[in-house]
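All remarks here apply to the structure that follows.
Here the structure is a predicted model, which is why all the values come from computation and not from measurement. All values below were derived from every heavy atom in this structure, side-chain atoms included, with hydrogens, water molecules and symmetry-related copies excluded. Letters A, B, ... are given to chains in the order of the sequence lines, protein chains preceding strands, and every chain is numbered from 1.
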Amino acid sequence: MLLTFEKMGAWRWGLGLICALVALFLLLPIVFIIALSFGDSRWLIFPPPGWTLRWYEELFADPRWIESALTSAKIGLIVTVFSVALGLLASIGLVRGRFKGKAVLRTFFLTPMVLPVVILAVALYALFLRIGLSGTLVGFVIAHVVIALPFSIIAISGALETFDPAIEDAAVVCGASPWEARLRVTLPAISHGLFSAAIFSFLISWDEVVIAIFMASPTLQTLPVRIWGTLRQDLTPVIAAASTLLVALTILLMLAAALLRKGKKA
Amino acid sequence: MKSRIFALAAAGLLASQAAAAEDMVFTSWGGTTQDAQAEAWAEPFTAESGINIIQDGPTDYGKLKAMVEAGNVAWDVVDVEFDYALQASNQGLLEPLDFDVIDRESLDPRFTSDYAVGSFYYSFVLGYNPAHFSGDAPESLSDLFDLEAFPGKRTFYKWSAPGVIEAALLADGVPADELYPLDLDRAFAKLDTIKSEIIWWAGGAQSQQLLASGEAPIGFFWNGRLTALQDDGMDVGISWDHNITAADALVVPKGAPNKEAAMAYIAHATSAEAQAEFARLSSYAPINLGSPELMDSEIRATLPDAQTAVQVNADMAYWAEHRDEIGNRWYAWQAE
Amino acid sequence: MSSTFALARPRMRKGTGMILPALVLLLAFFVVPVALLLSRSVTEPELGLQNYRELLASGTYAKIFFNTFLVAGLVTLITALLAFPVAWALVIMPRLLAGLLFAIVLLSMWTNLLARTYAWMVLLQQTGLINRTLMQFGLTSEPIPLVNNLTGVTIGMVYIMLPFMVLPIYGVIRKIDPAILQAAALCGATRLQALGRVLLPLAVPGIASGALMVFVMSLGYFVTPALLGGTSNMMLAEMIAQQVQSLVNWGLGGAAAFILLVVTLSLYALQLRLIGEPKGTA
């Protein structure tokens, strides 16, 4: 009854109301940012005295915005690949493995999440300066993988734990090789965990600013670094315009994905 | 897919190494200030000398210290706060400047030391939104600390830096020539009287937003930020009474890879023309004594230069000496 | 966890080989550099424990520690309360509605964190949209202080953290067989009983995963508290950032980080000891 929408009676409305409120909460700042991006008040006064496209013109006139967004996306994607791959392997070991000190290892894998990033930023930067990785893409990616990995491990091992390994054994008994079983049975079963891990990893990298300031070089300026500098110096609605474009892009991507899925089904 | 990623990675590596060749790196705080520095200083310098300037940023003191410690310095010239510049030179993090190249005589001695020259300077001034104060307008620093005559939120600079502590002491009646050594107990006692009404601003842009939106109708601002609000058509009152000067500095980190180019760049950036041009673009004041003559009288009138009669100079050397001690106390007091 | 055909996976008996890449990465690029930096907490400004003494003796720093755990706990609780119904609805709502809700959750994550936080700052101000709306409808006569205090930090952080809670809970609820709840109903359970005794307990692994991430992430969080919180409820990460970046005092900053690390990991270890390895968390 609680997992069948039609059978929930009045509870449907309760649940719907909560979701509507949460959705409103989630949308409020986004709608606000979109509105500001068209408003002609430089000082974020709302409602703005008038409307303008000026901020979009400024945004497109300065190629550094798009460059930094591309840099962020590039770093985020590479980080996601490595974070999910390493996280998957480590999770399998942590969940399925039988060895001493597993609890210690589990705790250990969480530590990058606990440590305030500014400490890690200084520490890694000092190391990178000595081994020649400072200001490089490789260094940047390593730093972000370190902080993304715990999220990846939590998401994937969470999914792995609810998956009964006997199913994998069954596949092996039916003639699949252990790796084939893992690839064709286990992976699809934990796809939700992998998806979460990927989203979290990308997001951590995409939004991270403190480490990014240390890892940045003139050719490696991510979007958050740029926004950070700009926000402190000038509260320009260009940032709102950039954010609005990202929202629009996201909506387009999501629509495309939805259509693609629909097309596949039909 | 994989090979693609590695190709991207390799491209990134190569690109960041190529940047180190014949050029020099200038690091500042980002935003419009750095854009103005690029326009007024870097572009003419490149045209003249053929040395290409790569803009990096934002300035980060932790990053600077780590670079110098590791002996792998990526920055040639850095824009830092003046009190930090003096402290960093005491800690041996900076190269001495070459005053054979830089013309020391032409620079404002308030903002010149062996290791740092001013980048630009500004004053902390009282600013307010006249619409909020129907009776008397706030005129002096004591009004800023007077909750009865001028109730409401007020905004102050969040970070530990010359300015707010001096203002509290001046408002409490300490004569300007007896400010130093700073009586911190007295300053914090004075600040305690308005602490519940303080909103802290962490960056110039935020201070403008707070005043423009009416969130904090009165406060203690960088003068250039108020001028920018006025230019934008906003009604802003400024009181220059006891305006407190502070400055940014140009420094060369110890072990900078292109020292010669760095000195030449600083010499250019602090020249009368470059300083005048930057002042025009940014509404910060020039530190070259010859710049004011080159500027429009209209712009000059908005600068702290015109307010020397009621001006108080923060003692940068004192701050450099006690920066850690004051900072620890400042942040602990804020968190109380 | 034991499986009938365990022999079919002999290599899994160890599992250490699979952990190795992540382990090596963290040893080289986390443990070594961080240990080097944290060692400065006992060598700077001079050899000794004075940084730790200073931190532990000061009432202000104690308050900052307390605030940090208070905010993290509050954010985790509120996030869980909001995320559970959302995750639940995502599983059972009609496709279109669920898709829309999911899109909104994802969308909120996509806008830049700094931009979102700034938007909240302006929205929550005394002269901001929310206070003006409340006053217009006569819900309050004076503007409510919503920002530069605990309320502001909590709102801003819940906003950022919500997806980190929704996704794991959603992953778990999705896998629950509706028949189990059907069975509960047949046994005469009311909806409330079914929720409290069946659905919630089954969703615990997801809630635990999410809570772990949100709580631990909140402890070390910097950007949102710095922008939305007042200085009187400063959190530890902000204090550390001041020490490291503004005062360039790596000794004291490192000491504070080390204490946070030790306290958090001890709490986690204690939790593992008390309730065993929580299912669904790493």
**Request:** Starting from the C-alpha separation in whole Å, work towards a yes-or-no answer on side-chain contact (heavy atoms from CB on, under 4.5 Å) for L23(C) and L105(A).
**Result:** CA-CA 9 Å; L23(C) 196 61; L105(A) 263 186; 3.6 Å; yes
Beyond-backbone contact of [X] with [Y], side-chain heavy atoms, under 4.5 angstrom:
X	Y	result
P116(A)	L236(C)	no
F109(A)	I19(C)	yes
F30(C)	L149(A)	no
F29(C)	F128(A)	yes
I239(A)	N112(C)	no
L27(A)	I104(C)	yes
I199(A)	L106(C)	yes
L107(C)	V247(A)	yes

Select one option (side chain, backbone, both, neither) describing which atoms of [X] are under 4.5 Å from chain A's heavy atoms.
X	value
R40(C)	neither
Q243(C)	neither
V105(C)	both
F215(C)	neither
L100(C)	neither
V216(C)	both
Y118(C)	side chain
I130(C)	side chain
L186(C)	neither
I155(C)	both
L199(C)	side chain
L36(C)	neither
I92(C)	both

Side chain, backbone, both or neither: which part of [X] has a heavy atom under 4.5 Å from chain C?
X	result
L15(A)	side chain
L231(A)	both
I131(A)	side chain
L86(A)	both
I204(A)	side chain
V104(A)	neither

**Message:** Counting only heavy atoms not in F222(C) (residues, nucleotides, ligands), do more than 12 fall under 6.0 Å from its CZ?
**Reply:**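 Count over threshold, so yes.
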Write down the atom of [X], the atom of [Y], and the distance for their closest heavy-atom approach.
X	Y	value
D207(A)	L113(C)	OD1-N, 3.0 Å
R191(C)	G9(A)	NH2-N, 3.8 Å
A257(C)	I119(A)	CB-CG1, 3.6 Å
M113(A)	L212(C)	CE-O, 3.8 Å
A90(A)	A22(C)	CB-CB, 3.9 Å
A23(A)	L101(C)	CB-CD1, 4.2 Å

**Message:** Checking R232(A) now: which residues fulfil salt bridge (Lys or Arg N to Asp or Glu O under 4.0 Å) with it, not counting sequence neighbours?
**Reply:**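 With neighbours one apart ignored, the set is empty.
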Spacing of [atom1] belonging to [X] relative to [atom2] belonging to [Y], to within rounding of 0.5 Å:
X	Y	atom1	atom2	result
T4(A)	L181(C)	OG1	CG	8.0 Å
L88(A)	M18(C)	CG	CE	7.0 Å
W120(C)	I33(A)	CH2	CD1	10.5 Å
R116(C)	L26(A)	CZ	CG	9.5 Å
F32(A)	L129(C)	CZ	CG	6.5 Å

Side-chain donor/acceptor pairs under 3.5 Å, residues 166-180 of chain C, sequence neighbours excluded:
{"from": "K175(C)", "atom 1": "NZ", "to": "A189(A)", "atom 2": "O", "distance (Å)": "3.3"}
{"from": "D177(C)", "atom 1": "OD1", "to": "A179(C)", "atom 2": "N", "distance (Å)": "3.0"}

**Message:** Run the side-chain contact (heavy atoms from CB on, under 4.5 Å) test on T111(A) and Y268(C) for me, step by step, so that the C-alpha distance in whole Å, both residues' side-chain angles and the decisive distance to 0.1 Å come before the verdict.
**Reply:** CA-CA 11 Å; T111(A) 38; Y268(C) 184 67; over 6 Å; no
**Request:** Could you walk me through whether W206(A) and M109(C) pass the side-chain contact (heavy atoms from CB on, under 4.5 Å) test, one step at a time?
**Result:** CA-CA 10 Å; W206(A) 175 254; M109(C) 308 161 72; over 6 Å; no
**Request:** Evaluate the ring planes of W11(A) and W88(C), with Trp represented by its six-membered ring, and classify them as parallel (under 30°), tilted (30 to 60°) or perpendicular (over 60°).
**Result:**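 Rings of W11(A) and W88(C): perpendicular, as their planes differ by over 60°.
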